[in-house]
Amino acid sequence: MDLNNKQPGPIGIFDSGYGGLTILGNIRKRMPEYDYIYLGDNARAPYGTRSFEIVYEFTREAVLKLFEYGCQLVILACNTASAKALRSIQQKDLPRIAPDRRVLGVIRPTVEAIGGITNTGKIGVLGTTGTIQSQSYLLEIKKLYPGYEVFGEACPMWVPLVENNEHQFPGADYFVRQNIDHLMAQDTSIDTVILGCTHYPLLLDKIRKFLPKEVCPVPQGELVAGSLKNYLFRHPDMDIRCTKNATCRFLTTESPQKFSAAASLFLQEKVEVSRIVLE
Ligand code: DGL
């Protein structure tokens, strides 16, 4: 595979499973003219409880696959992959194997937006066990806003609730309330809560129900879409390497039928999916 060519291609969007579809939906709404390829590693999801080494290895394989499909730019639409693999891919792999291609994550654009939202400077972060343990949000927030305080809460049950389509039912209330209560018990002046997992927007109604009224939940989709648009505006050299025929392809490592049924929950449309193997 020649990774030095600069031939224009679609924008790659990667997630461990379906969660990244919440990001893709927002990106397509904001920039419908571009071509996209979404890759969900559904066969190996969830990533949230996996080690650094494994998340890095899996994410690297997915990025290389998207490069193979012609993507010059890949978005890791997964907080767990952004937290555990992005830096190594950007600093170790790209300079060596594909110095002109770019891989971006979802944590930085989310953190950049919270300065305009919080009054108290006390930020809650809800995420997978992997994302919370990595402390990526804490580190990124401290870089931009050294005075802010950050409180994390891992919500290991939330992704399985969404992936099993249980998120709208009353059983989900128990887990959502429990994690929100734990988070808010850490500091009652938290006024901004980052939904640091791309699955969580599907739980937004329940999150709102259990968060105190004055606390603002922050989903990432629009923030990441705005930041990507801005990135392409600031990098016309990359923009011309992204094709614009308004198409979207879907790839999964699991069964295409399963993917297509679940994807309609996230995107409210029927999608054509192909199965691929990552290695
Ligand atoms: N959607 C992924 C994220 O944003 C988490 C799903 C998983 O655990 O694989 O972190």
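Remember, it's 1-based here, ligands and their atoms both numbered in the order they're listed. Index from 1, following the sequence.
- Nearest protein neighbour of atom 3 (C) of ligand 1, counting heavy atoms only, is Asn79 N, 3.3 Å.
- Contacts between Thr49 and ligand 1, counted as non-hydrogen atom pairs separated by less than 4.0 Å, are absent for every part of the residue.
- Once rounded to the nearest 0.5 Å, the distance linking CE of Met31 with CG of Asp239 reads 9.0 Å.
- Look at Arg108 and Glu112 and you find a salt bridge, because one of the NZ, NE, NH1 or NH2 atoms lies within 4.0 Å of a carboxylate O, short of that distance.
- Between Lys206 and Asp173 there is a salt bridge, since at least one side-chain N of the basic residue sits less than 4.0 Å from a carboxylate O of the acidic one.
- Within the listing of ligand 1, atoms 1 (N), 6 (C) sit less than 4.0 angstrom from a heavy atom of His199.
- Look at Glu149 and Lys142 and you find no salt bridge, because none of the NZ, NE, NH1 or NH2 atoms lies under 4.0 Å from a carboxylate O.
- Distances between N or O atoms of Pro46 and those of ligand 1 include no value under 3.5 Å.
- Protein heavy atom at the shortest distance from atom 2 (C) of ligand 1 is Cys78 SG, 3.5 Å.
- The Ser16 neighbourhood of ligand 1 comprises atoms 6 (C), 7 (C), 9 (O), with distances under 4.0 Å to a heavy atom of that residue.
- Counting the atoms of ligand 1 from 1 in the order shown, those under 4.0 Å from a heavy atom of Thr198 are 1 (N), 2 (C), 3 (C), 4 (O).
- Close contacts of ligand 1 with Gly48, meaning ligand atoms under 4.0 Å from a residue heavy atom, involve 7 (C), 8 (O), 9 (O).
- Annotation: Tyr38 is not in aromatic contact with Phe14 [ring centroid separation under 6.0 Å not met].
- Classification of Glu57 and Arg60 as a salt-bridged pair fails, no side-chain N sitting under 4.0 Å from a carboxylate O.
- In this structure, Gly17 does not count as a contact residue of ligand 1, since none of its heavy atoms falls inside 4.0 Å of the ligand.
- Taking a cut-off of under 4.0 Å to the non-hydrogen atoms of Tyr47, the atoms of ligand 1 that pass are 7 (C), 8 (O), 9 (O).
- The side-chain tip of Arg249 does not point at the ring of Tyr36 from less than 6.0 angstrom away and within 45° of straight on.
- Atom 10 (O) of ligand 1 has Thr80 OG1, 2.7 Å as its closest protein atom, hydrogens excluded (heavy atom only).
- The ring of Phe175 has its center no closer than 6.0 angstrom to the ring center of Trp158.
- Inclusion of Thr128 in the set of residues having an N or O under 3.5 Å from an N or O of ligand 1 is not warranted.
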